[in-house]
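Remarks on the structure that follows.
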Amino acid sequence: MKHNKLLLALLMTGGFGVQAWAEDAPACEKAQGCDERIVVTGELMRKPLSVVTDPKKPRLPLPAYDGAGFLKTIPGFSISRKGGAGGDPSLRGLGGSRINIVNDGQHVYGTCGGRMDPPTAYIYPESYDSIEVIKGPQTVRHGPVGSAGTVLFEKDRQRFVGQGATGRASVTAGSYERLDYIVELAAGDDNHYLELDANQSSSDHYEDGDGNPVQSSYDRRNMDFALGWTPGDDTVLELSYGKSDGEAEYADRANKARVIENENFTLMGEHDFNGDYLQSIEFQAYHNENDHVMDQFDQGINAGTNVRRKTQGGHVWAQWQLGKLSMTTGVDMQDSTHKGRGINPATDNGLDDLLNKPFMDNMSYTQFGVFGEFEYDFDPVVLITGIRYDYWDTELHVAQKGDRQDDLVSGFARIEHQFGGNQYYLGVGHAQRIPDYWEIMKASADNPSQKAFDLEPEKTTQLDAGWIYEMSSVTLSSALYYGEINDYILIDNRNGFSKSRNIDATIWGGELGMEWRPIEALQTQLSLVYAHGENDTDNEALGQVSPLEGRLTVDYRIGDWSVGVLWRVVDSQDRVALGQGNISGQDLGESAGFGTVALNGGWKHGEHLRLSFGVENLFDRTYAEHISRTGAGNDIPGSVPTFKVNEPGRNAWVKLEYLF
């Protein structure tokens, strides 16, 4: 009944939610980052199981500085909030390593055993050119398959005709001393180019709707530099370097992140053959290392840990065309080692002693994969399919020590049919996933003194179906899914200790989006998302599954000005599994429903200058997301620890952008 009331309320309001900005300008088609509208709830799915968005567009709600803050603006994603940064994304009720995060071809893993720095923590979204979300196990080409989905943060490769230069700069300021800036420059000629971008994002502790301070400050800096060689129209070779550093505080723990650093190198090349069979070949090799220091020294407590993770890998892909058959074949590999050092309060004292301790390896992975992805055009039906084999060698260097090898096979098949403005699709996918570092480092369910090194690989088989309609002033997209997960890896904190164990689970749900533009100046859009999870082994709800959510926007444009409103409504959640969940968090209890309203506006001056602004949580509501972490770690003087980490109260922001 609660679900029906929410659906009825949204439908009676009369629309569906996403964007809002001004008219096209010829220069905008050429200038990097120039766009037409503020993106409010994420783009609709305009091709089966894929959402593509431009992260350089101003967005509402204003995302945090990292990748997770950005993904929460896309329907279907939820974020386990810890503070102002470091949130952990969940897609369709599945979190942690079930989402394959690919950082411009690299796999960059987190280090912290408590997930202070998930992979998205090392991503500043606005420095990328596109972000694509592929929902479900419906691709095999981007490394080990994400059973929930794959997220691609991607950068374009530059190419200049004659000498030239382009760039953009933006600054964002907001409540709670939020301040972001980014500067991007690219210059080159017919044969060479260089690219440089630098960005910074910081914020003080925010307040919830009741005025309680929430420990959430952060300060992060990122720099990326690339040199490219383009000897011809069909070839590019690029060497790039990136570095980021910063610190953060969290509301769910006493530890502060004194250091969150990443350094990476990448060499990539592409060549188009345009031959009768072989179309192109691409290779990439990368090396990245994360360094993370967490401690309580500033609070006068002699406790601290320093962890690092080094990952190196690469891939080689080839694209082929054989009549109506297109295919991509490739191999990829990665080698990743996690190590750490910690202070001994009995013999060590303070940060200097911590940094002088030797590192000890905790766990290492080696992976090798080979795949083929195929597309055959039967006109008007297209068949897309793929198969992948992964070999994993995992070594545990602590506790009982050990070595395991896993042979995993994943694949998918999907039929797409286009008829006029209609697209129909039906697909089935299968993904196999080894237990990750965080799952293995929990206790074994059979022996609490041992690590969970004997976990079975997780196996997800999922059916996806949907309909996309795009015609004149109306766009509709829908998706339904049903999945069975054998040996789902559950994090269980019941019975006095935290452990990992395998269960069988079932997931199902759906997504609906609609955009309606009755006149050119007016646009309205709605998205509805629902996910349902069952723990079949224990005959109870699956933990960490967000409830039904709807978002509605109405946007209106007047010349160079635009105005818009976003209404977000989230149902209550009474299907919980107390103390159970995934590596991102565990269910704390039932959650109440809530609704928030946000306003936005924008102004464009000529072809180069754009101003956007907004107010979020307009009515200063106090609320927390269902999968939020506990707020018991909040230790700001004068604040009250909360059951969950509450979301920010009323806050405003303004962003100025210049393109040249």
Side-chain angles (χ1 to χ4, degrees), residues 48-51 71 76-78 80 88-102 107 109 118-120 132-152 332 365 367 369 371 373 385-390 392 406-414 427-440 455-465 479-491 500-511 529 531-537 542-546 581-584 627:
L49 297 171
S50 176
V51 175
L71 291 176
F77 280 94
S78 301
S80 176
D88 233 334
S90 173
L91 174 60
R92 292 177 165 181
L94 298 177
S97 299
R98 299 174 182 93
I99 306 174
N100 182 22
I101 305 293
V102 185
H107 286 87
Y109 298 105
T120 47
E132 181 177 9
V133 177
I134 303 170
K135 298 184 178 181
Q138 286 289 312
T139 183
V140 295
R141 70 169 65 189
H142 301 286
V145 177
S147 53
T150 298
V151 182
L152 307 175
D332 51 61
Y365 292 93
Q367 172 265 336
F371 75 90
E373 196 161 297
T385 186
I387 189 167
R388 177 181 182 87
Y389 165 77
D390 285 294
W392 289 88
D406 294 277
D407 297 283
L408 307 184
V409 177
S410 303
F412 75 97
R414 184 173 73 251
V428 61
H430 179 76
Q432 298 186 357
R433 182 182 72 87
I434 66 164
D436 61 32
Y437 166 79
W438 298 271
E439 292 161 339
I440 287 176
L455 289 167
E456 292 294 325
E458 190 174 278
K459 309 166 191 72
T460 301
T461 303
Q462 182 168 304
L463 182 69
D464 283 275
L480 298 172
Y481 61 92
Y482 175 86
E484 294 185 351
I485 309 177
N486 294 327
D487 295 315
Y488 178 96
I489 301 174
L490 180 74
I491 305 299
S500 298
R501 61 186 179 97
N502 291 113
I503 62 167
D504 291 335
T506 301
I507 57 170
W508 57 268
E511 301 157 5
V529 177
H532 183 100
E534 291 284 348
N535 177 342
D536 300 323
T537 299
L542 190 66
Q544 293 288 278
V545 177
S546 296
N582 53 51
I583 62 174
S584 303
I627 66 171

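Because the structure is a prediction, the values reported are computed rather than measured.
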Show me the donor-acceptor pairs, under 3.5 Å and distance only, between side chains in residues 482-491 and residues at least two apart or in other chains.
{"from": "Y482", "atom 1": "OH", "to": "E484", "atom 2": "OE2", "distance (Å)": "3.2"}
{"from": "D487", "atom 1": "OD2", "to": "K459", "atom 2": "NZ", "distance (Å)": "2.9"}

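For the residue pair S584/S80, the side-chain donor-acceptor check at 3.5 Å is not satisfied. Side-chain N/O atoms of E132 and S50 include a donor and acceptor closer than 3.5 Å. In summary, the side chains of N100 and H107 do present a donor paired with an acceptor at a separation below 3.5 Å, with no hydrogens or angles considered. A donor-acceptor pair shorter than 3.5 Å cannot be found between the side chains of T150 and H142.
Residues satisfying the ring-ring contact (aromatic ring centres under 6.0 Å, His included) criterion with W392, sequence neighbours excluded, are Y365. Applying the side-chain hydrogen bond (donor to acceptor under 3.5 Å, both in side chains) test to D536 and every residue at least two apart in sequence or in another chain returns T506.
The minimum heavy-atom distance linking L94 with A148 is given by the pair CB-CB, 3.6 Å. Considering every non-hydrogen atom in both V409 and Y389, the closest pair reads CG2-CD1, 4.3 Å.
Ion pairing of K135 with E511 is present here, as a side-chain N (NZ or NE/NH1/NH2) and a carboxylate O approach within less than 4.0 Å. Note on R433 versus D390: no salt bridge recorded, every NZ/NE/NH1/NH2 to OD/OE distance being 4.0 Å or above.
The closest side-chain heavy-atom distance from T120 to I101 is below 4.5 Å. The side-chain heavy atoms of E373 and F412, taken from C-beta on, include a pair separated by under 4.5 Å.
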